[in-house]
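Written below as structure tokens is the structure these notes are about.
This structure is a prediction, so every number in the text was calculated from the model and none was measured. Every number for a ligand or one of its atoms is a count from 1 in the order of the listing.
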Amino acid sequence: MAQSERAPGPVQASYDAVVVGGGFAGLFALHRLRGLGFSVRLYEAGDGIGGTWFWNRYPGARVDIQSLEYSYQFDESLQQEWSWSERYAPQSELLDYANHVADRFNLRTDIQLNTRVKSARFDDGADVWIVETDKGEVVRASFVVMATGCLSSTNTPKFEGLESFKGRTFHTGRWPREDVDFTGRRVGVIGTGSSAIQSIPLIAAEAKHLTVFQRTANYSVPAHNGPIPEDIVRDVKSRYAQYRADNYNTALGADWGYRTDTAMEHTPEERDAEYESRWQRGGLSFYGSYADILSDPAANETAAEFIRGKIRQIVKDPAIAEKLCPTTAVGCKRMCVDTGYYDTYNRPNVSLVDLRETPIVAITPTGVRTSAGEHELDDIVFATGFDAMTGPLTRLDIRGVGGVSLKDAWEEGPKNYLGVSVAGFPNFFIIAGPGSPSVLSNMLPSIEQNVNWIAEAMAYLRQKGFTRMEAEVPAQEAWVTHVNETAAPTILMTCNSWYLGANIPGKPRVFMPYLGVAPYIAKCTEVVANGYEGFALA
Ligand code: N01
């Protein structure tokens with residue numbers, strides 16, 4: 001019998017909710033649900049909590065949204081008392097923060113580490129889920145809450161000869177705990193997304209030689225990282241609740257100083273002055289430079305050309321600078337935030353291979369072979385990203401009403417309502433799922449908004465004596481259409497991004513996140529005000 005058809009063993013425990021994943025989403029879901037009196041079991045596959053910040057330990061890993069914003073707001077004392085050492089906290093500090101939260105709110109008693117949820121099947125007669133783990137445990141839960149993350153299912157392309165490589169291999173998204181020393185070694189990094197752009201300057205500083213294999217050049221802006229000036233910390237903390245509320249009321253949910261005028265109503269000189277001020281400010285505030293930056297290709301091109309100009313200024317070899325100049329629209333792939341990325345290409349021990357000119361043919365026992373020849377390497381770093389958003393959900397065996405698997409239900413792309421609920425999968429909630437702003441927003445506030453919404457829905461069901469809640473098909477279809485229609489007129493549809501699933505061969509090309517934090521929150525609020533409109537409650 002196929003594994004997916006095998007009946008799970010006898011039920012060993014029952015909970016109101018099983019939470020899958022111990023990152024920031026799972027931790028807050030556990031805290032919030034427990035606070036409402038629900039019994040909760042949280043399963044985490046890793047041997048520690050922290051999710052993204054547990055797995056992504058590659059050199060240079062740090063957040064690309066300011067830490068004063070990329071932090072929990074659910075507890076006023078927590079946000080007042082915690083201090084960040086830098087504007088963009090490094091991975092180790094984010095992991096410390098996750099552990100601090102787990103201890104401070106006594107979460108560990110309900111967290112089970114080293115345990116991967118394998119399957120969840122809905123028992124239609126009893127309105128409960130039967131959840132099975134890789135440790136052979138079988139538990140019953142009234143609700144399943146997926147806190148599995150958007151970027152947690154790593155992607156290593158199936159290069160010919162991959163297994164034959166005799167050196168060390170790493171994936172940025174599964175970096176080992178122990179220090180990796182590149183001293184004296186010939187290292188290859190495949191990929192030039194955020195993970196590569198953060199790690200390349202540090203690997204280059206250590207390695208004997210670094211070869212970067214670039215398929216698509218990316219836009220990166222400087223972080224200008226450093227300690228946060230005391231007066232800024234004082235100011236934000238003096239009005240934290242309002243600051244958070246103001247950010248929820250923006251398009252992308254972060255403090256990026258959004259202008260409401262358009263690029264095209266300004267002269268080239270005015271535009272360049274605006275872009276220069278954003279470049280000096282650093283970070284993703286570039287997204288806020290003009291209202292039409294993501295919607296008008298001509299406006300977008302003005303920002304694109306400004307950044308290309310910066311690349312040409314920084315990189316001394318004009319031929320390398322040209323290869324590093326992106327040809328896609330700014331923001332079509334998520335912009336990167338770096339410390340010294342472009343300057344790294346001025347180092348004598350760094351070379352760039354443009355895979356559009358000379359594609360990878362195979363991985364060999366001693367390196368990477370492109371159509372132009374062999375690059376001998378001791379180590380290969382795969383900075384090749386993730387099966388984003390849907391991957392972490394569809395790789396599990398999740399079966400709703402009638403035994404239908406989520407993987408099959410989403411064969412043509414993720415279909416759900418508000419990103420949180422899927423028709424045919426009652427009492428199954430997703431935090432920061434496709435169809436919600438998630439990766440097109442500041443993840444932590446979006447996680448909190450989703451968790452609060454889900455927790456309040458569960459409390460409502462309990463209060464009304466309902467045992468079952470799921471999206472209705474027409475509401476789900478309308479939402480999926482709306483998500484697509486919102487993205488359709490933007491430049492987000494114009495390149496092969498992971499937002500579209502285009503980085504994974506065979507994945508349906510569907511725009512997954514929802515563009516618009518403020519309208520999303522308004523819609524979620526309206527649905528509740530209308531008695532959970534679009535949901536079947538029973
Ligand atoms: O992954 P990516 P990532 N042959 O998918 C290349 C978040 N994040 O881990 O663009 C050759 O962006 C691929 O090329 P192409 C952030 O949201 C945040 O860097 O598909 N190359 C691309 O260059 C980010 O967007 C931070 O043509 C191949 C690279 O690999 C998301 O995570 C830090 C290939 C993958 O880039 C993912 O970032 C890190 C192939 N077959 C990540 N397949 C912060 O700063 C793929 N590539 C908080």
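- Sparse packing is recorded around CD of Glu160, with 12 or fewer heavy atoms of other residues, nucleotides or ligands lying under 6.0 Å away.
- Within 4.0 Å of ligand 1, counting heavy atoms only, the contacting residues are Tyr58, Arg62, Val63, Asp64, Leu151, Pro157, Phe159, Ile190, Gly191, Thr192, Gly193, Ser194, Ser195, Gln198, Arg215, Thr216, Lys333, Arg334, Leu355, Ala383, Thr384, Gly385, Phe386, Trp498.
- Judged purely by atom type and a 3.5 angstrom limit, Thr490 has no side-chain atom pairing as donor or acceptor with the backbone of Thr486.
- Note: Arg104 CZ to Asp75 CG = 5.5 Å, rounded to the nearest 0.5 Å.
- With Asp379 as reference, Arg185 is the one residue of Lys166, Arg185, Arg186 to meet the salt bridge (charged side-chain N to carboxylate O under 4.0 Å, His left out) rule.
- Side chain to side chain, Arg509 and Asn496 meet the donor-acceptor criterion of an N or O pair below 3.5 Å.
- The shortest side-chain heavy-atom distance between Pro434 and Trp410 falls under the 4.5 Å cut-off.
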